[in-house]
Novice: 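This is the structure I have questions about; it appears just below.
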Amino acid sequence: MPNSLTIHRLIERLNSGDVTSRQATEACLNRIQSIDRELNAFIGFDSEEALTQADVADKTRANGGEGALLGVPIAIKDAIAVKDHPLNCASKILGDFVSPYDATVIRKLRNAGAIVFGRVNMDEFAMGSSTENSSHGPSRNPWNIKHIPGGSSGGSAVAVAADECVASLGSDTGGSIRQPAALCGCVGLKPTYGRVSRYGLVAFASSLDQIGPLTKDVRDSATMLQVIAGVDDRDSTSVSEAVPDYSSNLTGDVKGLRIGLPREYQVDGLDSEVKDSVNSAVECLAERGAEIIEISLPHTEYAIATYYIIATAEASANLARFEGVRYGARVNGSDPQEMNSKTRGIGFGEEVKRRIILGTYVLSSGYYDAYYLRAQKVRTLIREDYLKAFEEVDLIASPTTPTPAFKIGEKVDDPLQMYLSDIFTISCNLAGLCGISIPCGFSKHGLPIGLQLQGRPFGEPDLLRCAHTYEQATDWRNKKPKLD
Amino acid sequence: MNVDLSRVVRLARIELTSEEEHRISPQLAAVLRYVEKLKELNVEGVEPTAHAVPLENVLREDELRVSLTQEEALSNAPKTVNGLFVVPKIVE
């Protein structure tokens with residue numbers, strides 16, 4: 001079925017006339033119809049509008065038109081603005097908000113001919129690691145529906161892994177693309193901070209957020225990045241660094257590539273099956289000529305504490321805009337302050353409230369220096385660790401997550417335990433690196449395991465080349481979850 | 001570690017139910033105890049990082065560009081009158 005194809009296979013078949021974009025889009029819609037009641041990846045979609053876009057793509061192709069994603073159905077995390085469609089960030093507080101404009105990444109997807117369809121589930125305002133913090137209810141892992149799919153871009157990962165779409169967009173603030181990709185067995189790329197415009201992405205922590213693709217293989221990841229990357233005058237933090245040709249760099253050759261293994265990543269609580277799978281993956285790369293070097297990132301144990309101060313502080317400022325005046329839901333009060341407080345008390349879910357309160361606390365008078373300023377200084381130390389390591393190595397390999405997907409409900413009452421599961425992914429955002437998660441095995445219970453590679457800022461070409469070489473040497477990508 | 005929750009929720013403008021307060025208070029205390037570990041580090045002389053990428057002012061010509069119309073900008077507001085946002089009375 002065309003919904004299970006990669007972007008590059010689908011494009012081949014669309015070009016040869018074997019299949020139309022309408023058929024591919026219908027196949028995705030049928031797949032959603034048959035399995036999404038169980039998986040809950042989609043918050044909403046407009047079948048008719050999707051098919052209209054598909055017909056336009058088919059006509060364009062028939063008239064000789066081209067596009068890197070011409071006719072390819074792509075699902076979008078519910079944190080990215082799509083003109084004339086609802087945008088909720090899986091929160092009640094946005095009420096019946098409808099986006100008045102397209103995010104830059106959406107405009108770029110459309111220019112490349114993509115069928116932009118369907119809003120996928122997430123942790124509310126991207127705060128969470130399991131997609132359980134959604135006003136739309138949790139998404140479920142397609143490999144075992146009793147388990148979480150990861151988060152916050154859980155819906156994006158489930159939709160790709162379960163073939164409900166061909167590829168999707170997510171966003172990553174501390175692992176929110178890579179972690180669900182690892183737990184659902186697909187490829188998730190967090191580009192370097194500034195590589196992709198954030199215009200139209202609802203801000204969580206502005207110095208850490210980055211949009212990226214979730215795909216069925218590494219080549220598709222390169223294709224998607226090619227389309228969405230680049231400087232944007234609507235995002236002053238996007239960077240004008242030239243965008244290289246990512247796909248032509250997928251040579252399958254890693255000879256001489258230096259891969260670092262951080263000593264400090266041998267943490268307590270690292271699952272033995274995860275450890276073994278990642279070690280085998282690293283051996284596989286060594287057999288193909290990569291040089292493996294032990295490195296040290298001495299401030300690793302401080303990353304989570306640093307992150308949860310900086311990210312919550314930024315979130316408390318960014319989410320101040322949801323006050324019941326300019327958009328979204330409102331709960332009435334006798335004065336503006338009461339109206340704001342009631343609106344926010346009822347509109348936000350518990351994890352979002354927890355984080356806003358924590359962020360407000362660490363920024364408040366008397367605590368700013370002790371928490372926020374200190375965390376920003378430790379962020380410097382963490383970043384310096386990485387920049388130093390990248391003088392010796394080209395990439396850093398590790399597990400994406402310390403364990404395979406945990407059970408739904410297992411960690412909801414203990415936020416700190418939930419935060420600790422982000423240990424391997426968080427530093428990448430703090431240091432402004434790029435990172436990717438690719439499948440590297442399964443636990444004995446059949447749950448996917450992810451290999452994470454991290455690269456220096458704007459090091460996506462090496463990152464993708466190495467990920468692609470490993471992927472092509474194994475056949476993990478051909479395994480599919482059994483769903484009806 | 002005790003957090004004066006009432007002060008913080010007032011600053012954050014979030015009304016909590018007493019049940020939520022009971023649940024969130026110890027959770028926050030646990031997280032704050034955990035982040036105390038940053039105090040183990042000597043950060044004297046270390047510059048803070050606000051952004052992973054060095055930032056400069058990004059300027060452009062001060063020229064008119066197409067943007068949302070007033071109607072579009074107000075289209076998602078819970079309450080408007082005559083092209084304005086409406087809020088509860090502030091001054092008696």
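All values reported here derive from a predicted model rather than from experimental measurement.
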Novice: Heavy-atom distance under 4.5 Å to chain B: side chain of A/I382, backbone, both or neither?
Specialist: neither

Novice: Using heavy-atom distances under 4.5 Å, tell me whether A/E384 contacts chain B through its side chain, its backbone, both, or neither.
Specialist: neither

Novice: Count the heavy atoms belonging to other residues, nucleotides or ligands that lie under 6.0 Å from NZ of A/K388, then report whether that count exceeds 12.
Specialist: no

Novice: Start with the C-alpha distance between A/Y302 and B/L41, add both sets of side-chain angles, then the distance that settles side chain to side chain contact (heavy atoms under 4.5 Å, CB included), and finish with yes or no.
Specialist: CA-CA 9 Å; A/Y302 301 100; B/L41 289 168; 3.6 Å; yes

Novice: With chain A, which of B/L38, B/L5, B/I24, B/V43 has the greatest number of heavy-atom pairs at distances under 4.5 Å?
Specialist: B/L38

Novice: Checking A/A375 against chain B: side chain, backbone, both or neither under 4.5 Å from a heavy atom?
Specialist: both

Novice: If you count heavy-atom pairs under 4.5 Å between each of B/V58, B/V86, B/V8 and chain A, which one has the most?
Specialist: B/V8

Novice: Quick one: which residue pairs count as a salt bridge (Lys or Arg N to Asp or Glu O under 4.0 Å) with a foot in residues 57-68 of chain B, not counting sequence neighbours?
Specialist: A/D233-B/R65

Novice: Taking side chain as everything from C-beta outward and backbone as N, CA, C, O, which of these in A/R383 sits under 4.5 Å from a heavy atom of chain B? Side chain, backbone, both or neither.
Specialist: side chain

Novice: Among B/V31, B/V87, B/V46, single out the residue with the greatest number of heavy-atom pairs under 4.5 Å to chain A.
Specialist: B/V46

Novice: Under the side chain to side chain contact (heavy atoms under 4.5 Å, CB included) rule, what do A/D335 and B/I90 come out as? Steps first, then yes or no, please.
Specialist: CA-CA 6 Å; A/D335 59 51; B/I90 298 172; over 6 Å; no

Novice: Start with the C-alpha distance between B/E72 and A/Y101, add both sets of side-chain angles, then the distance that settles side chain to side chain donor-acceptor pair (under 3.5 Å), and finish with yes or no.
Specialist: CA-CA 9 Å; B/E72 284 168 330; A/Y101 65 91; over 6 Å; no

Novice: Closer than 4.0 angstrom, basic N to acidic O: yes or no for B/R13 and A/E323?
Specialist: no

